[in-house]
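Working notes for the structure below.
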2 protein chains.
Amino acid sequence: MLNLKNEKIPRATITRLALYVQQLEVLEQEGEKVVSSEKLARACGVNPSQIRKDLAYFGEFGVRGVGYYVYELKEAIKKSLGLDRVWNVVLVGVGNLGRALLRHHVLRKRGFVIVGAFDCDPFKIGEEIAGLEVMCSSNLPTKIKELNAEIGIITTPPERAQRAANYLIRGGIKGIVNFAPARIAAPEKVVVEYVDFINHLFSAAFQISLNQSKGFYS
Amino acid sequence: MLNLKNEKIPRATITRLALYVQQLEVLEQEGEKVVSSEKLARACGVNPSQIRKDLAYFGEFGVRGVGYYVYELKEAIKKSLGLDRVWNVVLVGVGNLGRALLRHHVLRKRGFVIVGAFDCDPFKIGEEIAGLEVMCSSNLPTKIKELNAEIGIITTPPERAQRAANYLIRGGIKGIVNFAPARIAAPEKVVVEYVDFINHLFSAAFQISLNQSKGFYS
DNA sequence: GAATGTGAATCTGTTCACAGCG
DNA sequence: CGCTGTGAACAGATTCACATTC
C-alpha cells in the first residue's frame, strides 16, 4: 500500500514532505481548511510545482480548481511516510545531547517514543532520566527485542559511535540515527541517517565568508 | 583569496568538504601522511572523482601519482571554508537542547565559541550555565555587537523561533542556525541553516517502512 | 607507474507550461 | 475559471574516461 507507483522517490522529496506536514499543522492551527500548492509553497519556501510533483509520487490528494484539504493532506502524507503509528526508539550515549533528547517531548509528539537509554559508563548506569533507567550498552542486543525497538539513536562521542552501532545491529535494529560526528559502517538492510549539526555551522560560516569576500557587509 | 575560481559551488560540495575534514582528522590520528582520493572516498562513502571535483573548486591540492598530504589538505579545506579562525556565537533558547549545546565542547573544538546565552523566561535569566550568565533575549541587539558575534543559534520552541530570529537580525547577525522545527523569514543577506533532526527520524521511519513493504525483513 | 585534474556523458532533480478536471 | 497533475524542457550534480603530471 506504500509507494503505489513503485518509482524511486528522491531523498529530497522525503525531507520536503516532512516540511509540508510541519506547515500544514501550522495552517491547521490557524483554522485554514483548504490550501493551494502556491500558498503552501510560499510557506515552505519552495516552488509550487515541486509540491505537486512530490505529492504525485504517493497519489492524487488535491481537488482541481480548489486545492488541498489541509487535514486530509496532512494525514495522507503522514500515512505515506509511515508516520501514522508509534515507533519505539532506543538511545545510546547519555551525555549532554542524549539527556536533552530523552527530555525532548517533541519526539514523543511526533510518534517517536524512547523506550530505553543505554551507556557504557558505570557511573551513569542505573541513573534515572525522564522516567528511564540507564542500562549497560552491552545489554542492547537482548533489550532491543524485548522493548520491540526499531530505531536506535546514537549520541555517543564519535570514537564510540561504531561500537554503539554494532550493538544496535546485533540486536536487529532496522534504522540508526547517528548524532555523533563520525561515519558508521552497517549492513545494507540497516537504514543510517546522519544528523551532523556541526556541518550546518560550517556551512553557515562558509557562506558568511563568501558574502564577506563579496563585500556584502560593506 | 576565497573561492578563486568564482564559480558557483554546489551546496552538497560544502557538506562533503566538512565530511572530508572529519575523515582527514581520523587519518591524521592514525598516523597516515598521504591519502589517495580513492582511499578517502571509501572512508567517506563517496565516489573518488567526486572528491577530486569538489577540491578542484578551491584549487589544486594533490600530487599526481602520489595523492594528497593529509595535514596540508585538511588545513587547505578548512581555510577554504573560512574555518581557520574562531567564530563567536550566541545562543537563544536555554531549554534542554540549548543547555546541551552550551555544554557541548565539540563546538569549541571546531572553532565555534558560544559567547552569550539568551532566553525570555525570567526564571532562567541570571542562571549560570557552562560559565555563561543567561541574559534576556531583548538585550540581543546590543549584546551581539558588544560580544562581536556573527552567528546565532536558535533553540527555542518553534513558535518563538521567529521572534528570536528578529532579535538576532536586529543585532546585525550574519548567520542563523535554527534548531527549532519551524521556518524563519530573514533578509537575503542573513544566512539561514536548518538543523531538523526530526526530519531524519521521519526519513529513517519512511525508509524502514519501504524496506518492510518490500519484504526485507522476511 | 600511479594518481590527479578535468571535459564530456550521464544521471537526477527541478521548473515550466499546459492539458484536464472539478 | 482556477488549480491540480504531468510530460517535456531545463538545470544541476555525479560519474566516467583519459590526458596530464609527478
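Proteins come first, then strands; the chains are lettered A, B, ... in the order of their sequence lines, and each starts at number 1.
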Check: If you look at every strand shown and take non-hydrogen atoms under 4.0 Å, does B/Ser36 touch a base, only sugar-phosphate, or nothing?
Finding: sugar-phosphate
Could you work out which one of [options] sits closest to the side chain of [X]?
X       : options                : answer
B/Glu60 : D/dT6, D/dC16, C/dG5   : C/dG5
B/Asn47 : D/dG5, C/dT4, D/dC16   : D/dC16
A/Arg52 : C/dT14, D/dT14, C/dA17 : C/dA17

Quick one: [X] [atom1] to [N] [atom2], roughly how many Å, whole number?
X       : N      : atom1 : atom2 : result
B/Tyr57 : C/dG5  : OH    : C1'   : 13 Å
A/Phe61 : D/dC3  : CZ    : C1'   : 17 Å
B/Phe58 : C/dT6  : CZ    : P     : 14 Å
B/Asp54 : C/dT6  : CG    : P     : 13 Å
A/Leu17 : C/dT14 : CG    : P     : 12 Å
A/Arg16 : C/dT12 : CZ    : C1'   : 12 Å
A/Glu38 : C/dT15 : CD    : P     : 14 Å
A/Ile51 : C/dT15 : CD1   : P     : 11 Å

Salt-bridged, [X] to [Y], with N to O below 4.0 Å?
X        : Y       : value
A/Lys109 : A/Glu25 : no
B/Asp54  : B/Arg16 : yes
B/Glu75  : B/Lys79 : no
A/Glu32  : A/Lys39 : yes

Under 4.0 Å from OP1 or OP2 of [N]: is there any side-chain N or O of [X] that close?
X       : N      : answer
B/Arg11 : D/dG12 : no
A/Ser37 : D/dT4  : yes
B/Tyr68 : C/dG5  : yes

Item checked: Identified ring-ring contact (aromatic ring centres under 6.0 Å, His included) counterpart of A/Phe197 within the set B/Phe179, B/Phe197, B/Tyr194 -> B/Phe179
Item checked: Single hit among A/Ile151, A/Val190, A/Ile173 for side chain to side chain contact (heavy atoms under 4.5 Å, CB included) with B/Ile208 -> A/Ile151
Quick test: give all pairs of protein nitrogen or oxygen and nucleotides 7-9 of chain D nitrogen or oxygen below 3.5 Å, distance rounded to 0.1 Å.
{"residue": "D/dG7", "atom": "N7", "partner": "A/Lys53", "partner atom": "NZ", "Å": "3.4"}
{"residue": "D/dG7", "atom": "O6", "partner": "A/Lys53", "partner atom": "NZ", "Å": "3.0"}
{"residue": "D/dA8", "atom": "N6", "partner": "A/Lys53", "partner atom": "NZ", "Å": "3.4"}

Note to self: Using the rule given for side chain to side chain contact (heavy atoms under 4.5 Å, CB included), can you reason through B/Asp196 versus A/Val195, listing the C-alpha separation, both sets of side-chain angles and the distance that settles it, and then say yes or no?
What the structure shows: CA-CA 8 Å; B/Asp196 199 343; A/Val195 182; over 6 Å; no
Next item on the list: Please report the closest heavy-atom contact between B/Val94 and B/Phe118, naming both atoms and the distance.
Entry: CG2-O, 3.6 Å
Check: Would you say the side chains of B/Asn199 and A/Glu193 form a donor-acceptor pair under 3.5 Å?
Finding: no
Next item on the list: Say whether B/Asn211 and B/Gln207, considering side chains only, have a donor N or O and an acceptor N or O under 3.5 Å apart.
Entry: no
Polar atoms only, N or O, under 3.5 Å: list the protein pairs with nucleotides 20-22 of chain C and their distances.
{"residue": "C/dG20", "atom": "N3", "partner": "A/Arg64", "partner atom": "NH1", "Å": "3.2"}

